[in-house]
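All chains are named by letter (A, B, ...) in the order of the sequence lines, taking the proteins before the strands, and each is independently numbered beginning at 1.
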Amino acid sequence: MPSPRVIYWFRTDLRLHDSPALQAALELKPECFYPIWTWDPHYVYHARVGPNRWQFLLECQSDLSKSITKLNSKSKLFLIREAPQTLFPKLFKEWNITHLVFEKDTDAYGRERDGKVKELARKAGVEVIIRPGRTLYDSDELVKENHNKPTMSITQVQVAGAKIGDIVRPIPAPKSLPDPGPTTLSFAQQKPASSPDINTIQRDAEETSYNTLAGLNNDFAVPTMEEIGLKPATSPHRGGETVALKMLDDIIANEDYTATFEKPKTAPTAFEPQATTLLSPYLHFGALSCREFYWRVQDVVSKYKDKASQPPTSLTGQLLFRDMYFGAQAALGYAFGQTYNNPRCRFIPWHLPSEIDTNSGLITGRYFVDSAEAEVLFKRWKEGRTGFPWIDALMRQLKLEGWIHHLGRHAVACFLTRGGCYVDWERGAEVFEEWLIDHEAACNIGNWQWLSCTAFFAQFYRCYSPIAFPQKWDKEGDLVRKYVPELEHFDKKYIYEPWKAPIVDQKKWGCLVKGDGTETADGKLKMYPKPMLDFAKQREICIQGMKNAYQVGLYGNDPKVLDGTWRRLFKDDAEGPTEGSKGLPGAQVTHENANAETDGVEDGEHAAPPGPKSERKGPKKAANKGKSVHKREASQTTLDSMVTRKKKKD
DNA sequence: TCAATAGTTGACATT
DNA sequence: GAATGTCAACTATTG
């Protein structure tokens with residue numbers, strides 16, 4: 001039996017503390033130990049990742065690399081710029097590897113990738129060791145104890161969790177690490193296909209991270225933002241296990257906060273400091289272990305006995321919700337991330353429905369513009385110029401900093417979907433995926449389904465007001481003043497509804513409320529848009545639409561949804577793309593090559609004012625016009641060809 | 001079987 | 001200002 005030569009493959013576990021997989025790797029007593037990261041083109045080209053989350057990732061990697069070097073001056077995090085699916089067979093041979101060890105990933109894409117890597121290892125005679133560690137409970141085990149069903153409520157998580165047993169106590173960080181062996185790379189690099197590339201909009205220079213195998217200085221260094229060609233990051237939040245553990249220490253030191261935390265009582269209007277822990281991005285990248293967090297909190301809670309808050313509102317309750325969403329995703333796979341073919345997601349004929357690849361049954365990442373005015377509402381929502389200061393402040397904070405309070409996310413998600421614009425939750429989830437530094441696919445998808453009342457939650461008549469809700473938390477409107485500075489001098493009486501302020505006052509306070517937000521100044525005066533919709537009216541339309549869709553009662557996997565005949569069950573004038581009795585699968589609107597630069601709807605910027613169906617006189621066509629449609633041509637099923645194909649010449 | 005009740009985080013009026 | 005009830009009425013669980 002040769003001495004173990006081990007690759008430890010870091011992915012969503014960028015830490016040394018409490019890593020069951022890392023512990024398993026070290027128990028092998030390796031002769032050579034290679035801590036590596038492979039540069040997965042899925043992240044570079046396919047998932048939506050903005051500069052803020054990129055920077056957070058790079059900071060987590062740098063911090064981890066330094067921590068590794070502190071334990072062994074010969075070692076570091078070796079970043080190898082190639083897709084794992086093509087790199088590993090060559091690397092196994094080159095470094096004479098005997099074991100590959102990594103933390104389990106239950107994300108839909110993660111499972112697919114790891115399945116392929118396991119197969120490659122088997123062929124190369126390399127033993128693969130996988131340990132769960134990303135969640136409180138192993139998500140697959142949680143599903144198993146939930147009668148092999150996706151975990152759809154917190155009670156189910158608690159019952160299934162109790163059957164599994166106690167949440168495991170955290171493992172200390174290793175005190176030393178074995179040397180790596182030789183790190184020569186004599187093989188040729190295989191570049192991934194750089195097309196399709198959803199992230200061109202995130203860059204202001206060429207993406208050159210695949211120009212070398214081991215980086216510009218051949219030292220396996222963490223790439224710079226420049227190497228990836230990214231636009232500058234703007235988030236104030238810094239990544240890394242070191243920062244995370246310090247933040248956790250500070251939270252735990254405040255025992256009252258830790259033990260009596262109740263999420264619904266934390267203010268979404270608070271900033272500097274925010275009302276919640278802001279540990280979610282560290283949990284996402286694995287810079288902080290959720291079990292470390294859980295037990296540090298639980299030990300304080302135990303001291304407080306009956307004075308402590310309880311799940312689901314307590315701090316540990318938040319971690320249970322995370323496990324719930326991971327369990328739902330582990331059971332449902334790719335279908336969890338979409339309505340189409342999802343047995344647990346209600347079918348609502350939202351505006352701007354997703355394009356479906358009928359071969360794979362998966363969404364393509366593009367969508368249909370069934371209504372030009374809905375497209376305008378969506379654009380204005382994304383850009384933070386809805387004319388509702390609370391919504392705009394949050395969307396601008398999100399884009400700038402990559403993090404907003406959980407209840408702020410509720411407010412903007414409700415507004416986009418069932419409580420305002422009646423736009424598909426998948427559109428909103430895509431924007432969050434792009435901008436959040438803590439974007440966790442399972443949690444993001446689950447929360448969007450929750451807020452849109454398509455799964456997990458059903459009380460659609462409980463609708464967040466963009467005026468009354470923030471008023472409850474902050475009468476002064478400080479968050480608005482910070483992120484919507486044009487309203488900085490408005491009296492608090494009008495801060496959440498500035499269109500009601502008298503014109504003389506608007507002039508006095510230096511900002512006119514007019515237009516649609518495309519212009520920002522009128523002479524010396526600033527401009528802020530008028531509200532893009534009548535909230536009270538739109539709320540009624542949405543609630544009626546939801547009530548109707550609930551009565552029809554379809555789920556995403558209903559045959560009538562799959563083949564498009566669901567339209568027979570809706571009246572033509574029901575809210576959403578409901579006309580006719582037959583149509584394309586899902587809520588797609590007409591047969592059309594979605595790559596085509598054709599359109600059948602008037603220019604969105606000049607659309608009629610909001611109102612039900614106002615623009616849908618005459619034949620209905622899909623508008624997939626230019627910039628308004630996401631340029632993602634491949635569905636998830638084509639990922640494999642994406643990484644194994646040679647880079648095409650331009 | 002079915003009524004009662006609970007469900008992390010609504011708005012508004014009244015006490 | 002905090003607590004409670006009503007609005008209109010959802011699903012899933014429980015006894």
Base, sugar-phosphate, or nothing: which does [X] touch, judged by heavy atoms less than 4.0 Å apart?
{"X": "A:Ile154", "result": "sugar-phosphate"}
{"X": "A:Arg539", "result": "nothing"}
{"X": "A:Lys265", "result": "nothing"}
{"X": "A:Trp473", "result": "nothing"}
{"X": "A:Glu262", "result": "nothing"}

Considering only NZ, NE, NH1 and NH2 on the basic side and carboxylate oxygens on the acidic side, decide whether A:Glu476 and A:Lys492 come within less than 4.0 Å. yes
Mind checking the [atom1] distance from [N] to [M]? Whole angstroms is fine.
{"N": "C:dA8", "M": "B:dG7", "atom1": "P", "value": "24 Å"}
{"N": "C:dT13", "M": "C:dA9", "atom1": "P", "value": "23 Å"}
{"N": "C:dT4", "M": "B:dA6", "atom1": "P", "value": "15 Å"}

Rounded to the nearest Å, what distance is computed from the [atom1] atom of residue [X] to the [atom2] atom of nucleotide [N]?
{"X": "A:Gln544", "N": "C:dA9", "atom1": "CD", "atom2": "C1'", "value": "12 Å"}
{"X": "A:Glu497", "N": "B:dA11", "atom1": "CD", "atom2": "P", "value": "13 Å"}
{"X": "A:Met152", "N": "B:dA6", "atom1": "CE", "atom2": "P", "value": "22 Å"}
{"X": "A:Gln156", "N": "C:dT13", "atom1": "CD", "atom2": "P", "value": "6 Å"}
{"X": "A:His405", "N": "B:dT8", "atom1": "NE2", "atom2": "P", "value": "17 Å"}
{"X": "A:Tyr325", "N": "B:dT8", "atom1": "OH", "atom2": "C1'", "value": "9 Å"}
{"X": "A:Lys472", "N": "B:dA11", "atom1": "NZ", "atom2": "P", "value": "6 Å"}
{"X": "A:Arg462", "N": "C:dA9", "atom1": "CZ", "atom2": "C1'", "value": "10 Å"}

Looking only at the side chain of [X] (C-beta and beyond, no hydrogens), which of the listed nucleotides [options] gets closest?
{"X": "A:Phe469", "options": "B:dT8, B:dA11, C:dC10", "value": "B:dA11"}
{"X": "A:Arg346", "options": "B:dT8, C:dT11, B:dA11", "value": "C:dT11"}
{"X": "A:Gln459", "options": "B:dG7, B:dA11, B:dT9", "value": "B:dG7"}
{"X": "A:Tyr461", "options": "B:dA11, B:dT9, C:dA9", "value": "C:dA9"}
{"X": "A:Phe321", "options": "B:dT8, C:dC10, B:dT9", "value": "B:dT8"}

The test is side-chain hydrogen bond (donor to acceptor under 3.5 Å, both in side chains); show your working for A:Tyr483 and A:Glu401 and say whether it passes. CA-CA 11 Å; A:Tyr483 295 101; A:Glu401 304 188 352; 2.9 Å; yes
Pick the nucleotide of DNA chain C nearest each of A:Lys547 and A:Tyr555; which residue has the one closer to the 5' end? A:Lys547
Can you say whether the rings of A:Trp390 and A:Tyr496 are parallel (under 30°), tilted (30 to 60°) or perpendicular (over 60°)? perpendicular
